[in-house]
Each structure stands twice: as C-alpha cells, then as structure tokens.
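Reckoned from all heavy atoms, side chains included, excluding hydrogens, waters and symmetry mates.
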2 protein chains.
Amino acid sequence: MSETTTGAVTGDMANQYERISADLRRQIDSGELTEGDRLPAETALAEHYSVSVPTVRQGVGVLQSEGLLEKQHGRGTFVRRKPTPAVRSNLRHQWEKDRAREPESERLKTGATEHDTGLTVDDLIFDAKYEQVPASPDLAAAFKLPEGTMLLKRTYKTRHSNERAPFNISRSYLPLELVEANPDLLREELEPWPGGTQNQLFTLGIELDRIVETFRARPPMDNEAIALGLPVGVSVVILRKTSIDTTDRVVEISDVVLPGDRTEIVYTTKLDRW
Amino acid sequence: MSETTTGAVTGDMANQYERISADLRRQIDSGELTEGDRLPAETALAEHYSVSVPTVRQGVGVLQSEGLLEKQHGRGTFVRRKPTPAVRSNLRHQWEKDRAREPESERLKTGATEHDTGLTVDDLIFDAKYEQVPASPDLAAAFKLPEGTMLLKRTYKTRHSNERAPFNISRSYLPLELVEANPDLLREELEPWPGGTQNQLFTLGIELDRIVETFRARPPMDNEAIALGLPVGVSVVILRKTSIDTTDRVVEISDVVLPGDRTEIVYTTKLDRW
DNA sequence: GAGTGGTCTAGACCACTGT
DNA sequence: CAGTGGTCTAGACCACTCC
C-alpha cells in the first residue's frame with residue numbers, strides 16, 4: 001500500500017471497488033452529491049476511475065445495499081432520498097380504546113393511521129380484502145384455539161395517494177365465531193371502519209385489557225420487496241399485535257409488514273412507584 | 001417463455017441467475033439442503049447449471065441477501081443457520097426497577113441480559129469502556145440540556161463466550177453532574193455493575209418514572225456489519241432508550257445497535273378499563 | 001434512436017482455509 | 001499444496017426510458 005489516489009479517502013483501499021464506493025460515499029456525505037442527483041453513467045465512471053464497468057457496478061452495489069444509492073433501469077443511478085418515517089407509538093392503543101365508545105360522528109374524524117403519520121384522510125388510499133380461512137398451526141397456537149378453527153382474515157394495504165408503494169401491508173385475524181354476532185363486520189365494503197378494530201370489538205361487547213406486540217427485522221422476501229417498493233438492502237419490520245380482552249382471551253391477531261427504513265416505533269413503559 | 005428446466009420451479013424464469021437462485025431456494029425449503037450444509041463449489045455449480053461462474057455468483061448473491069446462504073472465503077458457501085433470537089421485553093424495565101433496591105447478594109444472581117436471553121452469567125462476556133464527552137446537538141436535545149454539557153459515555157459489548165461476534169453494542173449516556181455524587185460510578189473496572197443502571201441511579205437517589213424507547217431498522221454501516229458479524233442483507237435495529245425520572249428529568253439515554261435477525265422485541269401495553 | 005442499466009461470457013490472478 | 005471464494009477485465013447483447 002504505497003499510494004492510491006483519485007478520491008483521497010481514508011483507510012487501506014485494497015480494492016478498486018472499495019476505492020470507488022468510498023469516493024462516492026464521500027461525495028454524498030460532503031454534499032457534492034445530494035438527494036435526487038443522478039450519477040454519471042457507468043461507462044463514464046469506469047473511465048473516470050480507470051476500471052472496467054463491472055468493477056464500477058460492484059462499487060455502486062456497496063452503496064446501494066447501504067441504501068445510499070438507487071438504480072433505475074434505463075434512467076440512471078440516483079442518490080436516494082432519506083424517507084420520512086411514519087411513527088408508530090403504543091400510545092395509539094389507549095387513544096383508540098378511548099375513542100371506541102364515542103359516537104360515529106367523532107370516530108369519523110380521523111383514524112389511527114392518520115394519528116400516527118399526521119396525514120389527513122384524503123391523503124391515504126386504503127384497500128381491504130376479507131376472507132374466511134382455517135387457522136394455521138402458528139395462528140391456532142397464538143389464539144389458543146384448535147388448528148383449523150375458522151378465522152376472518154382481513155388484508156389491508158395503505159398508501160399515500162401520490163405514491164405507488166404502500167407503506168404497510170397488514171393482515172388481521174379474528175375468530176369467525178366471535179364476529180358473527182355482528183354481520184356488518186363481515187362486509188369488506190364497510191371499510192375503512194370508523195374507529196377501527198377496537199370499535200368493531202366494542203359492538204360485540206368486547207373490551208381489551210392489553211396488547212402485546214412482538215417485532216423483528218429481516219430481509220424482505222422477493223414479493224414483499226416488490227409490494228413495498230423496497231430498494232436492495234432495506235429490511236422489513238415484522239410486527240405481530242396480539243389483542244387480549246378482559247377475560248384473558250386472544251381476540252385479534254394482526255401481522256404487519258413495514259418497510260424498515262420508513263418506520264419508527266415508539267414505546268413508552270410506565271413504571272410502578274417504589 | 002416456452003420451456004426452461006433443470007430445477008422445475010414456478011414463475012417465468014427469465015434469467016439464468018434467477019433460475020439458479022430459485023432452484024437453490026427450493027432445495028433449502030424442501031430440506032434437500034439443510035442448515036450448515038456446504039454447497040458445491042462455484043465452478044461445480046456453473047457446470048451443473050451450464051452457466052459461467054459470475055452468473056452462479058449472482059444467483060447465490062440473491063439468496064445471500066435474503067440471509068439464506070453465507071459465504072466463507074476459502075471454505076465454501078453454506079446454508080445459514082437460523083439464529084436463535086434474543087428476546088427483549090419491556091417487562092424487563094419493571095423487573096429491573098424492582099430489583100434495584102435489593103441487597104447486592106440478590107442483585108449478583110443475574111442481570112437483565114441473562115433475564116432476556118435465558119443464558120447464565122458464565123456464558124456471557126462483557127466489555128465496558130468509559131469516557132467523558134460533551135453532548136452532541138442530538139444528545140443535548142434529547143436530554144434537554146445545553147449543547148456541550150459533559151456526559152459520561154459508557155460503551156458496552158456483550159457476546160457469547162463461544163462466539164466471536166457480540167450480539168449487541170450499546171452506548172449509554174448520563175449527565176456527568178448527576179453521577180459525580182457517587183465516584184464509584186466513574187470506575188469502569190466495577191462493571192458489570194450488579195443490578196444495572198437502575199441500581200446505579202438508586203445510589204444517587206433517583207427513581208425512574210417511565211422509559212421511552214424508539215426503534216428503527218436500517219442497513220448496517222460497514223463497521224457495524226463487521227463488529228456484529230452480520231452477513232450481507234441483514235439490517236441492524238437501532239433502539240434508543242430514554243429513562244425519565246419522577247421529576248420528569250431525562251437521566252439516561254442508551255443507544256443500542258442490535259443485529260436485526262437475532263433480535264425479537266416484545267412490548268406489552270396495558271390499557272385502562274372503561 | 002440514443003442513452004441508460006441488466007444479464008452473461010470466458011477467462012486471469014489473488015487471498016484465504018484447510019491438509 | 002489443493003480447493004475455495006474474491007477481484008477484475010473486456011468485451012457482447014438485451015431491456016428499459018425518454019425524446
């Protein structure tokens with residue numbers, strides 16, 4: 001390692017492609033390249049760095065997997081915009097519970113998603129699909145019900161009106177036996193239901209005692225990456241919400257897939273006094 | 001798209017590398033290849049699929065970024081073991097608070113990490129470093145203190161005794177003024193402190209009222225990927241814990257970087273009754 | 001049609017791991 | 001030392017976007 005220039009970056013710089021990714025990263029950090037800028041074509045970069053095109057592609061690939069660059073076929077390579085994350089807080093649960101018993105006029109005003117994101121109803125496009133499915137082993141165990149018990153499965157997609165990619169996909173499961181008491185709950189055309197699931201449960205005489213949420217991050221599966229419009233390298237956050245009523249019964253399970261880079265989750269834990 | 005065989009997989013199969021990744025994925029799903037198995041060498045795969053080596057590498061790269069395969073230079077390509085996740089629950093906060101006032105003999109028995117992971121003290125290797133640093137704008141805002149206020153910064157790494165990679169790296173900040181009342185708290189050689197931070201705060205007469213945690217996933221930076229031993233494609237989870245005492249003062253901020261694929265977070269939200 | 005990235009080839013040589 | 005993956009070249013041709 002004697003002298004390797006072109007970008008004057010720190011570290012060893014053992015490889016050509018690292019030299020390229022380090023130099024491009026420096027340009028982004030320093031503001032020479034800013035959000036939305038297009039990079040020179042790969043052939044131009046190859047000439048500039050005196051390497052072959054595949055080597056440029058390797059260097060660009062590093063920054064792509066870090067979420068700093070985004071390639072668009074036929075258009076170019078762009079500096080990626082930092083997405084403004086949607087905040088999801090556990091305070092929403094109490095807020096939703098308080099609202100569940102209010103009159104429809106009040107509940108219509110805004111939903112939980114708008115509460116989280118600060119957007120108005122008009123900005124959001126909502127898609128719901130209802131099915132009746134038998135409980136998989138996994139879900140049966142979570143509900144503490146026999147495998148194969150019929151469940152109402154509701155699939156929701158929410159997106160901004162001016163974006164193609166939804167910012168979440170959610171699947172909610174309710175024991176069918178539970179919801180049959182109110183036939184309106186089986187009609188998907190009534191979505192979005194003002195007041196959300198807690199109001200739906202209220203019409204069945206169910207009060208929630210607590211909500212347990214577990215979540216993990218993992219690389220997206222192919223179809224998730226496409227559905228959420230995720231670039232390479234960004235994980236999905238998987239959140240399972242389990243709603244438990246005052247008789248200790250699991251009444252709803254909801255699985256949400258969120259884009260990892262557009263989601264911030266906030267939890268407040270109140271502690272007992274000494 | 002008429003006929004393309006070798007693996008008899010679903011879908012279009014437009015590309016060679018997708019044909020390869022789909023076939024390998026099928027072998028993993030079906031159990032033909034199981035955790036820890038080594039794949040044939042890239043040259044052998046190239047011959048088997050009648051493609052060039054770079055094309056095989058591209059196909060393998062897809063599964064690598066999904067966390068299904070792991071390459072080891074000089075050894076081979078292996079089916080990745082599904083990591084057993086460490087569970088982190090917000091119930092730990094109350095548990096830690098209850099323990100903070102107990103005698104040392106009791107506190108010594110087990111720490112919060114062991115409580116989360118189910119491991120014993122002997123399995124864990126603990127590394128602590130103390131520094132005194134001025135508050136960055138970000139931290140100053142979070143503490144609601146002037147920028148540059150001196151903080152005690154404590155860096156922790158925890159790993160299993162039989163693994164190289166730590167399963168978390170954490171940075172904890174306390175206002176220096178606060179901790180100077182008990183000089184023992186400035187001595188890093190006293191780590192791991194039995195009873196954790198809540199006991200340390202207890203020695204200063206501080207009682208916590210609530211803990212706010214925010215949580216996001218993003219692609220790792222290079223050094224994080226190396227420090228945590230993360231394969232390509234796996235995100236890190238960033239967790240910021242803010243501890244607030246009974247006088248509404250922010251007394252500790254802790255930033256934890258967790259490997260996304262080895263971490264499961266569980267939060268329970270108790271709701272008020274109607 | 002011009003310009004972009006996407007796929008693919010058929011090699012060469014280097015770096016790391018095991019024996 | 002043999003076998004593995006890692007880096008790199010110098011091309012070819014395809015697919016997409018935009019004018």
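Put simply, CD on E47(A) is 14 Å from C1' on dA10(D), counting in whole angstrom units. One interatomic measurement links the two molecules: OH of Y17(B) to C1' of dG6(C), which rounds to 8 Å at whole-angstrom precision. The CZ-P distance, from R19(B) to dT7(C), rounds to 15 Å in whole Å.
No salt bridge links D29(B) with R26(B); every basic N to acidic carboxylate O contact stays at or beyond 4.0 Å.
Taking every heavy atom of residues 71-79 of chain A and every atom of DNA chain D, pairs under 4.0 Å involve H73(A), G74(A), R75(A), by number.
Side chains of Q58(A) and P54(A) form no contact here, defined as non-hydrogen atoms less than 4.5 Å apart. With a 4.5 Å cut-off on side-chain heavy atoms, I20(A) and L45(A) do not count as touching.
Picking from dC8(C), dA10(D), dG11(C) the nucleotide with the shortest atom distance to the side chain of Q16(B) gives dC8(C). Nearest to the side-chain atoms of E42(B) among the listed nucleotides dG5(D), dT7(C), dG11(C) stands dG5(D). Listed nucleotides: dC8(C), dT9(C), dT7(D). Nearest to the side chain of S52(B): dT9(C).
For the residue pair S172(B)/R154(B), the side-chain donor-acceptor check at 3.5 Å is satisfied.
Regarding contacts with the backbone of dG5(C), every side-chain N or O of R57(A) stays at 4.0 angstrom or more from both OP1 and OP2. T55(A) has a side-chain polar atom (N or O) that falls below the 4.0 Å cut-off from OP1 or OP2 of dT9(D). Close to dT7(D), at under 4.0 Å from its OP1 or OP2, lies a side-chain N or O of Q58(A).
Under the 30°/60° scheme for interplanar angles, the aromatic rings of Y267(B) and F215(A) are found to lie parallel.
Between P54(B) and L39(B), the one whose closest nucleotide on DNA chain D sits nearer the 5' end is L39(B). Nearest-nucleotide mapping onto DNA chain D: of R38(B) and V51(A), the residue sitting toward the 5' end is R38(B).
Remark: the backbone N or O of R80(B) is not paired with any side-chain donor or acceptor of E70(B) at under 3.5 angstrom. Distance alone, capped at 3.5 Å, places no donor-acceptor pair between the Q27(B) side chain and the L33(B) backbone.
In this structure, V53(A) reaches neither bases nor backbone, as no heavy-atom distance under 4.0 Å exists between it and the strands shown.
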